[in-house]
Amino acid sequence: MGFILAKSLALMGFAASAASAAAADLPNEVTKQLPPGYAVLASTRASVEGGHLFYVVALGSTREPKPSGRAPARPLLVFERRADGGYGLAGRNDEVVLRADDAGLAGNGCDPFEDGHVVAKGPYLTVENGVSCGAHWTDYVTFRFDPQLRGYAFDNWRFQSWKLNPSNDPDAEALVADVDRLVRSPKGRKTPFATWRRPR
């Protein structure tokens with residue numbers, strides 16, 4: 001069994017146990033609407049202006065990974081509380097949470113969302129991807145609640161990476177900044193959550 005496949009299977013087991021705890025924090029009506037074949041990787045509750053309440057859920061496939069081919073997408077779902085107290089799906093984006101093989105480091109089994117988070121604060125919602133195993137980088141995507149859209153719209157994407165410090169100074173930091181790329185939503189233009197795609 002290849003290293004990537006073995007690690008993927010191990011991660012599936014970890015994800016399944018973590019998912020049961022994460023899913024327990026979700027309303028039953030939200031849990032019932034999750035697509036089959038997926039486990040909850042992370043979730044958060046977002047309360048924003050105007051009395052809007054959302055649950056944001058990152059999902060990972062529970063199907064056994066194929067020995068070859070790209071890892072399955074990880075849907076990010078947004079559920080909104082309706083006026084009747086129930087919850088309905090307000091948006092889905094399969095590009096925000098990076099896939100298990102999106103670390104760009106073939107053969108080492110790094111997963112950019114293994115320690116990832118979905119964080120809500122005020123009107124902002126941020127998904128945190130990153131790796132620290134051979135390469136060191138973070139990929140954060142932030143959305144902001146837009147009252148006119150009655151949902152989230154793209155705010156900014158930031159990619160930062162670090163490399164080994166070539167200095168021989170024994171007191172030097174092990175890593176130094178390498179890339180720091182920030183892309184903000186163009187002024188006057190709104191990209192809804194569901195249609196956002198990562199810059200190339």
Side-chain angles (χ1 to χ4, degrees), residues 15 18-19 21-61 71-100 102 111-130 137-160 180-200:
D25 297 332
L26 297 172
N28 287 336
E29 188 173 349
V30 170
T31 302
K32 290 177 182 178
Q33 296 182 63
L34 300 180
Y38 290 93
V40 178
L41 299 178
S43 64
T44 192
R45 178 181 183 271
S47 181
V48 298
E49 60 186 273
H52 298 280
L53 177 64
F54 299 94
Y55 279 92
V56 185
V57 187
L59 300 177
S61 175
R74 290 169 161 171
L76 184 67
L77 309 181
V78 176
F79 293 90
E80 182 177 16
R81 184 174 62 185
R82 301 186 302 257
D84 63 4
Y87 291 88
L89 182 63
R92 172 175 173 161
N93 190 313
D94 289 6
E95 304 295 327
V96 181
V97 179
L98 291 174
R99 301 176 188 224
D102 273 341
D111 182 341
F113 200 70
E114 184 175 354
D115 297 315
H117 301 279
V118 179
V119 180
K121 185 175 182 180
Y124 294 98
L125 171 68
T126 299
V127 174
E128 303 174 353
N129 300 282
W137 54 258
T138 58
D139 177 295
Y140 286 9
V141 189
T142 299
F143 300 90
R144 179 176 177 137
F145 178 77
D146 186 294
Q148 292 182 331
L149 294 178
R150 285 184 50 85
Y152 287 97
F154 172 67
D155 186 82
N156 73 82
W157 168 76
R158 186 167 194 172
F159 178 88
Q160 294 178 289
D180 190 345
R181 184 182 176 197
L182 176 64
V183 176
R184 296 187 183 278
S185 176
K187 192 172 182 178
R189 177 181 167 190
K190 298 177 182 179
T191 302
F193 165 81
T195 62
W196 179 82
R197 298 295 180 266
R198 187 170 274 98
R200 299 299 178 190

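These numbers come from a predicted model, not from an experiment. Every heavy atom of this structure was used, including side-chain atoms; hydrogens, water molecules and symmetry mates were not.
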Next item on the list: Indicate yes or no: at least one non-hydrogen side-chain atom of Tyr140 is less than 4.5 angstrom from one of Gln160.
Entry: no

Checklist line | Spacing of Arg150 atom CZ and Glu80 atom CD [to the nearest 0.5 Å] | finding: 5.5 Å

Note to self: Surrounding CZ of Arg82 (heavy atoms of other residues, nucleotides or ligands, distance under 6.0 Å), is the total greater than 12?
What the structure shows: yes

Check: Atom CZ of Phe113 and atom CG of Leu98: how far apart are they, to the nearest 0.5 Å?
Finding: 9.0 Å

Check: Heavy atoms, side chains only, cut-off 4.5 Å: are Pro35 and Leu77 in contact?
Finding: yes

Next item on the list: Considering only NZ, NE, NH1 and NH2 on the basic side and carboxylate oxygens on the acidic side, decide whether Asp146 and Arg144 come within less than 4.0 Å.
Entry: no

Next item on the list: Would you check if Val127 and Val56 make a side-chain contact, meaning some heavy-atom pair closer than 4.5 Å?
Entry: no

Check: Are the side chains of Ser47 and Leu53 in touch, meaning some heavy atoms are under 4.5 Å apart?
Finding: yes

Item checked: Distance-only donor-acceptor check, side chains Asn129 and Trp137, under 3.5 Å -> no

Next item on the list: Measure from the side-chain N and O atoms of Asn93 to the backbone N and O of Trp196, and report whether any donor-acceptor pair falls under 3.5 Å.
Entry: yes

Notebook entry, point to check: Less than 4.5 Å apart, any side-chain heavy atom of Leu149 and any of Phe193?
Noted result: no

Check: What is the distance from atom CG of Leu89 to atom OH of Tyr55, rounded to the nearest 0.5 Å?
Finding: 15.5 Å

Margin query: Just verifying a value: how many Å separate Leu26 CG and Thr31 OG1, rounded to the nearest 0.5 Å?
Written below: 4.5 Å

Check: Arg81 and Gly51: which non-hydrogen atoms are nearest, and at how many Å?
Finding: NH2-O, 3.9 Å

Next item on the list: Please name the pair of heavy atoms, one in Tyr152 and one in Ala46, separated by the smallest distance, quoted to 0.1 Å.
Entry: OH-CB, 3.3 Å

Notebook entry, point to check: Is there side-chain contact between Asp139 and Pro112, with heavy atoms separated by less than 4.5 Å?
Noted result: no

Checklist line | Side-chain ion pair, Arg74 and Asp102, N-O less than 4.0 Å | finding: no

Next item on the list: Measure the spacing between CG of Leu182 and CZ of Phe159 and express it to the nearest 0.5 Å.
Entry: 13.0 Å

Note to self: Tell me the closest heavy-atom pair linking Pro75 and Tyr38, and the distance in Å.
What the structure shows: CD-CE2, 3.6 Å

Next item on the list: For Glu29 and Gly86, work out which heavy atoms get closest and say how close.
Entry: OE1-CA, 3.2 Å

Next item on the list: Measure across Val48 and Pro123 and return the closest heavy-atom pair with its distance rounded to 0.1 Å.
Entry: CG1-CA, 3.9 Å

Check: Atom CZ of Arg158 and atom CZ of Arg184: how far apart are they, to the nearest 0.5 Å?
Finding: 8.0 Å

Item checked: Passing candidate, ring pair (Phe, Tyr, Trp, His ring centres under 6.0 Å) with Phe54, options Phe79, Phe145, Tyr87 -> Phe145

Margin query: So for atom CZ, which belongs to Arg198, do other residues, nucleotides or ligands contribute more than 12 heavy atoms lying within a distance under 6.0 Å?
Written below: yes

